[in-house]
Peer 1: 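Take a look at this one; I'll ask things after.
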There are 2 protein chains.
Amino acid sequence: MGKTKKTKLIPEKPHVAVDIVIFTIIKDRLSILLIRRGVAPFKGQWALPGGRVNKNEPLEKAAARELGEETGVKDIYLEQLYTFGAPFRDPRGRTISVAYFALISKLPKLKATTDAEDAQWFPVRKIPQRLGFDHNEIISYALKRLRWKLEYTNIASNLLPKYFTLSELQRVYEIILGKKLDKRNFRKRILSLGLIKPTRKKRKNVAYRPPQLWKFITHKHIVLDKRELVF
Amino acid sequence: MGKTKKTKLIPEKPHVAVDIVIFTIIKDRLSILLIRRGVAPFKGQWALPGGRVNKNEPLEKAAARELGEETGVKDIYLEQLYTFGAPFRDPRGRTISVAYFALISKLPKLKATTDAEDAQWFPVRKIPQRLGFDHNEIISYALKRLRWKLEYTNIASNLLPKYFTLSELQRVYEIILGKKLDKRNFRKRILSLGLIKPTRKKRKNVAYRPPQLWKFITHKHIVLDKRELVF
DNA sequence: TGAATAGTGTCTTTCAGACAATATGCC
DNA sequence: GGCATATTGTCTGAAAGACACTATTCA
């Protein structure tokens with residue numbers, strides 16, 4: 001017996017991974033991208049896209065990379081959510097997962113990857129009850145964060161094209177919050193925030209009064225007033 | 001040459017650690033516990049208490065354990081803050097740190113531990129500009145979260161004894177928010193939240209009108225109204 | 001009775017929410 | 001002119017903020 005190896009003194013290293021809740025709006029429904037797992041564990045079940053963090057790769061880069069691998073999309077809104085680290089959440093061995101959420105507006109073609117048999121957008125109300133790992137919990141957390149952010153930041157800019165009508169903006173809010181909003185009150189509030197401005201354009205070729213087109217003053221993430229203190 | 005070892009295919013595992021921002025109020029100043037590092041890296045510099053996560057140890061348990069090791073305190077308020085994972089934040093090797101923040105009211109005797117030469121409470125305004133690692137950033141983040149939580153939750157219960165006067169409660173708010181509050185408006189707002197209730201006791205042996213003593217209705221963490229959506 | 005802090009009420013402004021009629025362009 | 005959606009304002013109630021005087025106990 002030689003002397004105890006130094007590694008014995010260091011706690012066993014867990015794996016570190018990122019998982020991403022990617023939101024978009026499809027046919028007036030808030031949807032999340034899920035992957036059907038092609039390998040164990042949870043083979044055949046749906047789960048969030050994600051994967052291991054590479055050596056010397058920043059966490060957010062890892063999330064962006066996984067996102068790009070699944071959707072081909074770059075430069076989208078990405079925000080760290082929470083870190084999940086229950087000891088047996090992954091049967092392959094201790095895995096710490098840093099969860100992110102992402103928002104995209106233009107629907108990409110979904111790619112197939114090595115680990116994934118299949119990728120599919122699920123409306124939030126039709127998400128399978130039993131995703132792999134603790135991913136239902138992560139999604140629940142992401143939904144809360146998204147709804148909160150919607151009310152107190154300009155995050156909606158990531159779910160809309162550059163130019164949009166106030167009705168389209170309102171629809172995004174209604175879809176995400178899951179309730180109807182009063183048109184007059186909605187406009188009053190949104191305009192008072194000073195996040196969007198009218199353009200000189202109107203939407204053409206509609207069989208009704210052409211609506212004004214608006215744009216966000218900045219695409220940069222803005223948190224409103226004292227709630228700025230949150231992050 | 002045998003076949004390539006399986007471990008070659010798996011990304012190199014980083015270390016996983018927790019760091020804790022422990023707040024308390026000492027002599028009317030919001031203070032944070034720092035440890036003077038007794039070993040490299042950053043030997044001699046101040047840093048947040050923290051350490052590696054053990055095998056099969058939940059993240060929050062690890063944070064609670066580190067906290068107990070430094071302060072001897074158990075059962076205190078602990079909340080996950082954010083996960084920091086820049087590739088070279090720790091010179092010893094890639095380390096993902098899950099940051100927590102904690103609140104304590106009764107000041108414990110500080111213990112010395114193996115890794116720590118010294119432990120000391122620093123008022124937030126006197127925190128050294130150059131802590132070890134990225135700990136200044138973590139503290140900045142924790143302060144924002146604390147201020148936000150103060151306004152929209154009953155978190156202040158963790159910084160006060162069981163019974164307290166309204167003036168003492170107001171002082172906690174003023175200290176943390178860093179500004180004076182109007183006594184009448186403060187009382188109106190706090191009472192309207194329904195988080196505290198009067199007791200039959202009054203503080204005795206004071207050289208002025210004896211104040212009413214109050215208590216929090218519950219010590220359980222409560223997030224107010226729709227801001228509940230945050231967490 | 002003086003010192004020190006406790007305890008209380010009104011007014012104004014702002015914001016959220018309820019609510020309905022007119023405007024515009026296309027066919 | 002009919003259709004479909006766009007656009008606009010008022011009232012009310014709730015909450016936040018500014019502001020100053022009286023009450024109580026002790027020494």
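Lettering follows sequence order; numbering is per chain, from 1. Keep in mind that what you see is a predicted model, and the values were worked out from it rather than measured.
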Peer 1: What pattern of brackets, bars and dots sums up DNA chain C from 5' to 3', given Watson-Crick or G-U wobble pairs under 3.5 Å, [ ] for crossing pairs and | for another strand?
Peer 2: |||||||||||||||||||||||||||
Peer 1: Suppose we screen for salt bridge (Lys or Arg N to Asp or Glu O under 4.0 Å). Which residues come up paired with B:E168, at least two apart in sequence or across chains?
Peer 2: B:R203
Peer 1: For A:L191 and D:dT8, what is the distance between atoms CG and C1' respectively, to the nearest whole Å?
Peer 2: 11 Å
Peer 1: Separation of A:K180 atom NZ from C:dG17 atom C1', in whole Å?
Peer 2: 17 Å
Peer 1: Not counting sequence neighbours, which residues clear side-chain contact (heavy atoms from CB on, under 4.5 Å) with B:K27? List them please.
Peer 2: none
Peer 1: ring-ring contact (aromatic ring centres under 6.0 Å, His included): which pairs involve residues 168-199 of chain B, sequence neighbours left out?
Peer 2: B:Y173-B:F186
Peer 1: Return a table of donor-acceptor pairs under 3.5 angstrom between the side chains of residues 204-219 of chain A and protein atoms on other chains or two or more places apart.
Peer 2:
from: A:T218; atom 1: OG1; to: A:K220; atom 2: N; distance (Å): 2.9
from: A:H219; atom 1: NE2; to: A:N158; atom 2: OD1; distance (Å): 3.2

Peer 1: Apply side-chain contact (heavy atoms from CB on, under 4.5 Å) to B:P161 and list each qualifying residue two or more places apart in sequence or on a separate chain.
Peer 2: none
Peer 1: N/O contacts under 3.5 Å, protein versus nucleotides 12-15 of chain D?
Peer 2:
none

Peer 1: Which residues pass the side-chain hydrogen bond (donor to acceptor under 3.5 Å, both in side chains) test with A:N154, not counting sequence neighbours?
Peer 2: none
Peer 1: Please enumerate all residues that pass side-chain contact (heavy atoms from CB on, under 4.5 Å) together with A:K188, with sequence neighbours excluded.
Peer 2: A:N185
Peer 1: Is the phosphate of C:dA6 approached by B:S167 (side-chain N or O, under 4.0 Å from OP1 or OP2)?
Peer 2: yes
Peer 1: Round to the nearest Å and state the distance from A:F186 atom CZ to D:dG9 atom P.
Peer 2: 18 Å
Peer 1: Would you say A:S167's side chain and A:T165's backbone share a donor-acceptor pair under 3.5 angstrom?
Peer 2: no
Peer 1: The criterion is side-chain hydrogen bond (donor to acceptor under 3.5 Å, both in side chains); which residues satisfy it with B:S157, sequence neighbours excluded?
Peer 2: none
Peer 1: Starting at atom CD of A:E168, determine the distance to atom P of D:dT7, rounded to an integer number of angstrom.
Peer 2: 11 Å
Peer 1: Just by modelled atom types, is the A:R130 backbone N or O under 3.5 Å from a matching donor or acceptor in the A:Q45 side chain?
Peer 2: yes
Peer 1: Between protein and nucleotides 19-27 of chain C, map the contacts as a letter string: B base, S sugar-phosphate only, - none, heavy atoms under 4.0 Å, written 5' to 3'.
Peer 2: BB--BBBS-
Peer 1: On DNA chain D, check which nucleotide each of B:S192 and A:R187 is closest to and give me the residue with the more 5' one.
Peer 2: A:R187
Peer 1: How long is the line joining CG of A:L213 and C1' of D:dA6, in whole Å?
Peer 2: 12 Å
Peer 1: How many whole angstroms separate atom CD of A:Q170 from atom P of D:dT8?
Peer 2: 14 Å
Peer 1: Please list, chain by chain and in numerical order, all residues satisfying side-chain hydrogen bond (donor to acceptor under 3.5 Å, both in side chains) with A:R187, sequence neighbours excluded.
Peer 2: none
Peer 1: Round to the nearest Å and state the distance from A:L169 atom CG to D:dA6 atom C1'.
Peer 2: 15 Å
